[in-house]
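Being a predicted model, the structure only gives us computed values, none of them experimental.
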Amino acid sequence: MGHVEIPETDISGPVGLRGAPRPRTAASRNRTAALEQLWRAPTAQRDPAERVPARRKPVHRASVGALTDLLALAGPAWLLLHLGEQPHPWPTAAVAGLLWTGLRGVRGRYADLVRAEPAGAFGALGDWLVLLGVLAVLHAAAGGSVDPPTAVVAVAPGLLVATAVEGLRAGRRGRAVRKVLLVGEAAGLDRAADLLNSRTDHAYQLVAAIPVGPGLPGSENLQVPGRLASSPADDDVTTVLGGAYAHDADLVLVAPGPQLTGDRLRRLGWGLHDAGVALCVASELSGIAAGRVRPVTAAGLTLLHIAPPLRGGPQGLLKAALDRGGALFGLLVLAPLLLAVALCVRFSSRGPVFHRQVRQGQHNRPFTMWKFRTMVADAEARKAQLSEDNEVDGPLFKMRRDPRVTPVGRTLRRTSIDELPQLFNVLLGQMSLVGPRPPLPEEASRYDEREGRRLAVKPGLTGLWQVSGRSDLSWQETVSLDLWYVDNWSVATDMGLLARTVRAVTDGRGAY
């Protein structure tokens, strides 16, 4: 874009009756020079003649998914209604099929595989139940004569096909990734890159970064296809699009900062969306589940309402009931195994069967925790001699080859069977089936404010860090996982963690 010369007049001052402009002051000339510099600010190392590479158009499968649902429901529905000698089988099946397809389309079931949010385990079932409700209302309003049980059976094949398709999509989604182009100032780029690269339980793959301003990202492995100037420039959009196209990125992740916010970020979003590239803005908030965040707009502002963590209410009562009931059921079912383990511990080495230890529970209240003894009888007295061999950071003490562990105890630790007596602690209400592990008093005394938040909920027999690496994790990784659970737990989360615990115990990784 050509440079527009601004005449030597003060356009900001009042104009006389005849429109003659006043002479410009030094301050106004400085402001104009600053505006010119901002307008002409270049982005780094871009050839003006270079054309932005063409983007390969994505393949849309929405029509295929909609057609599959339509035929899977309308076809069998027509056949069953026809065989059942129901009136108007063809129009009825067509209406049901169109309602089914429209309902699933409205609920986002045909979105692009990578961009779509997972429908959940009961996504198709929920859609189907809504369809039954809509059909019931239409049946009552139109005074239809179709037999209701026959109608339910007629639309059931649509549910079966949709469930199977969602299962296939879930498997593909687990392998799908979003190629991400990072944009932001150096500090924001480093923070986002470090967090995304530190975990593998997400679908975001960093492919390149475009820094804003003079700084460079700290990661040497991150490619830098271009740079944005410190001030807004007329080729911000083309620079970012060029980087996205060159690395086949389908998402631009912006880490906002003083040089990339407000109007500049809004204009960048316009250009990306017009080109069909998704935009995501990183928030300074961390450790908050998406379900607790509710976006709203007010006075042109985009606000994020954060729901407080669950600490009681119906879910708290349900969690307590599941804890007590699950602990009682586990003790009854596992009684033969507990008796056999107790005999092995008793006759394999000298000392008591159970190891009782004071731990800190919810709100830092002490309680006595039970477990099968896995070490020699004088293990606590020998701990001080091994303090220099501690293999983890923070207040924990862990050794892969702790000489105090007995042969039977090593097997019990690897399978986590030594923790089963804590079902008694759960039954007494001192612990929960799921939660952070209870610390020793000397460990809790060294907690800072952040680490002390682990004690805001009841400690658990298993937890998020146990199914995410167990003792292979660093102390700070353990704290981060526990804090995520403390602030975002739900009964559904607990059920998922209990299921994952079985797999973690089976492979035995990180247990020592």
Side-chain angles (χ1 to χ4, degrees), residues 318-359 361 367-380 396-440 458-473 485 491 493-512:
L318 181 58
K319 179 181 175 70
L322 291 175
D323 283 342
R324 303 290 179 89
L328 180 59
F329 178 78
L331 289 172
L332 292 176
V333 171
L334 298 174
L337 174 63
L338 296 176
L339 178 59
V341 173
L343 293 175
C344 289
V345 173
R346 179 66 183 85
F347 293 109
S348 63
S349 61
R350 292 187 303 171
V353 170
F354 296 103
H355 176 64
R356 292 176 294 177
Q357 197 172 46
V358 175
R359 296 291 182 110
F367 71 98
T368 301
M369 189 185 76
W370 291 67
K371 61 187 302 185
F372 284 119
R373 180 176 59 84
T374 59
M375 293 185 173
V376 295
D378 61 342
E380 290 298 324
L396 293 179
F397 180 84
K398 290 283 185 180
M399 288 182 61
R400 291 184 181 273
R401 300 189 179 277
D402 195 324
R404 302 172 299 166
V405 179
T406 64
V408 170
R410 199 170 301 281
T411 301
L412 295 180
R413 286 189 168 205
R414 182 170 181 81
T415 58
S416 298
I417 293 177
D418 61 317
E419 309 286 356
L420 290 180
Q422 291 161 37
L423 290 171
F424 287 107
N425 294 113
V426 176
L427 192 62
L428 294 173
Q430 299 166 332
M431 293 179 61
S432 173
L433 291 177
V434 182
R437 289 297 294 163
L440 293 167
K458 286 184 180 180
L461 185 63
T462 185
L464 186 56
W465 74 268
Q466 286 93 331
V467 301
S468 302
R470 302 168 86 177
S471 297
D472 287 337
L473 298 176
Y485 175 83
V491 172
T493 301
D494 283 1
M495 296 298 101
L497 290 176
L498 287 173
R500 291 172 60 189
T501 297
V502 176
R503 184 175 62 182
V505 170
T506 301
D507 62 34
R509 286 179 299 177
Y512 51 87

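In this structure, the side-chain contact (heavy atoms from CB on, under 4.5 Å) partners of A342, at least two apart in sequence or on a different chain, are V353, F372. Residues passing the side-chain contact (heavy atoms from CB on, under 4.5 Å) test with P438, sequence neighbours excluded: R359, F367, M369, M431, P459. Remark: K319 pairs with D494 by the salt bridge (charged side-chain N to carboxylate O under 4.0 Å, His left out) rule, at least two apart or across chains. Residues that satisfy the side-chain hydrogen bond (donor to acceptor under 3.5 Å, both in side chains) test with T406, not counting sequence neighbours, are absent from this structure. Considering only residues two or more places apart in sequence or on other chains, L337 meets the side-chain contact (heavy atoms from CB on, under 4.5 Å) condition with L334, V341, L420.
Smallest separation of non-hydrogen atoms from Q430 and T368: OE1-O, 3.9 Å. Taking every heavy atom of both residues into account, Y485 and G435 meet most closely at CE2-CA, 3.6 Å. Considering every non-hydrogen atom in both L427 and R324, the closest pair reads O-CD, 3.3 Å.
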### Task
Before giving the answer on side-chain contact (heavy atoms from CB on, under 4.5 Å), spell out for R500 and L464 the whole-Å C-alpha distance, their side-chain angles and the decisive distance to 0.1 Å.
CA-CA 9 Å; R500 291 172 60 189; L464 186 56; 4.2 Å; yes
### Query
Run the side-chain contact (heavy atoms from CB on, under 4.5 Å) check on T493 and V434 step by step: do they pass?
CA-CA 9 Å; T493 301; V434 182; over 6 Å; no
### Task
For side-chain contact (heavy atoms from CB on, under 4.5 Å), just list the numbers for Q357 and L440, CA-CA rounded to whole Å, side-chain angles, deciding distance to a tenth of an Å, and then say yes or no.
CA-CA 8 Å; Q357 197 172 46; L440 293 167; 3.3 Å; yes
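Counting only residues at least two apart or in different chains, salt bridge (Lys or Arg N to Asp or Glu O under 4.0 Å) contacts with residues 418-431 comprise K371-D418, K371-E419, E419-R437. The list of side chain to side chain donor-acceptor pair (under 3.5 Å) pairs with a residue in residues 340-349, not counting sequence neighbours, reads S349-R373.
For the atom pair CG (L339) and SG (C344), the distance works out to 9.5 Å, reported to the nearest 0.5 Å.
Put simply, the residue from T501, L497, L322, L423 that forms a side-chain contact (heavy atoms from CB on, under 4.5 Å) with L433 is L423.
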